[in-house]
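Remarks on the structure that follows.
Every number for a ligand or one of its atoms is a count from 1 in the order of the listing. All values below were derived from every heavy atom in this structure, side-chain atoms included, with hydrogens, water molecules and symmetry-related copies excluded.
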Amino acid sequence: MSGATLTIGDYQALVSAFEAEAMPAIAGADSVDALEAVRAKHLGRAHGWLRTLSARLGELDRGDRAAAGRAFNEVRVRVEDALAERQQTLAPAREGGALADPTMPARHSWAGVVHPVSQVLDEMIAIFRELGFTIALGPETESPWYNFGALNFPADHPAMDLHDTLYVSDDVLLRTHTSPVQVRTLQAYPPPIRVLIPGNVHRRDPFDASHAPAFTQVEGLVVDEGIGFADLKATLNHFARRFFGAAKTRFRPSYFPFTEPSAEMDVVCGVCNGSGCGVCKQTGWIEILGSGLVHPAVLESAGVDSERYTGWAFGMGPGRTALARHGIPDIRILYDSDVRFLGQFSR
Ligand code: DAH
């Protein structure tokens, strides 16, 4: 112990004493300012404990210095961590607590809103999920076969015309509806199938009050053994009751190449309750969706045995539903991202 004036035991006692004093002081500091005073006293550069302890390392025997340094560092880290943690706890109190001026005006908080079309879509998905439907997605660029051919469109159908459909090349187009995902789903999974297919579709339409060249659709598809029109009606009536409240519905015969028979479903206008108004164009009814029993040719083109399996499908536009629900007269406003419009739809 040549020349040492401090033993390792004494040094460790000093370090422990420092920790025993600093920790309760930190825990007891009840404001950011009080904590700052504790920091200055114990860890301050000028005459804090830390400085003293590191200076006194020099009084130890050389052989003991490494062990003493380790003890010193361990305690320093623990004390600094405790300070940082206490700082975190106390800092928010400065704004909201005793230091805040209660007469200051509150800060305006800008919250985003879910777009009214997405709100409608979310609600639709939630209702069908309860019935055991899962979500299926497909590509927005499609082949003419998936978009038309596999869906039993005759080769000369006008929808396939350049006039109505946006072609990327001879054999790639922007899908005009979500129905091609029916075929993709049937190819990918064996029945029983119960899927909901949301997605964007494109048409070569003018952008006016009632048309948009790109919009959202939701497709539904159910395929299993023994599925019939009663399943279609019961499910869609249930959806209408859940989505529109106690709305009355009616089914009108219609035509789609990929369903047979086909029907369009209307719900009684929620704005006038059926008496006729501007929103329902004086008819008392709002057209909600197209539907029908899946055409056997569609099942066969997807490789599904149409003798064994049957199904039903529907397609609807949440954009139109949002317009009807809120009595919005012009579809273009849904695309404007105008915060004065969107701000009205916070939930
Ligand atoms: N694909 C049709 C359209 O875009 C909508 C539709 C109608 C989908 C009837 C269906 C259906 O699945 O059964 O106009």
Task: side chain to side chain contact (heavy atoms under 4.5 Å, CB included) partners for L323, two or more places apart - done: I328, I331, L334

Task: Residue contacts for ligand 1, heavy atom to ligand atom, distance under 4.0 Å - done: H177, S179, Q182, R203, Q217, E219, F256, F258, T259, G290, S291, G292, A313, F314, G315

TODO: State whether the side chain of R175 and the backbone N or O of G138 hold a donor-acceptor pair below 3.5 Å, judged by distance alone.
DONE: yes

TODO: Answer yes if the side chains of E264 and Y255 hold a donor-acceptor pair under 3.5 Å, and no otherwise.
DONE: no

Task: By side chain to side chain contact (heavy atoms under 4.5 Å, CB included) - contacts of A214 (at least two apart) - done: H202

Open item on the list: When you compare the side chains of R70 and N73, does any donor N or O come within less than 3.5 Å of an acceptor on the partner?
Closed with: no

Task: Results of side chain to side chain contact (heavy atoms under 4.5 Å, CB included) for T134 - residues two or more places apart only - done: V195

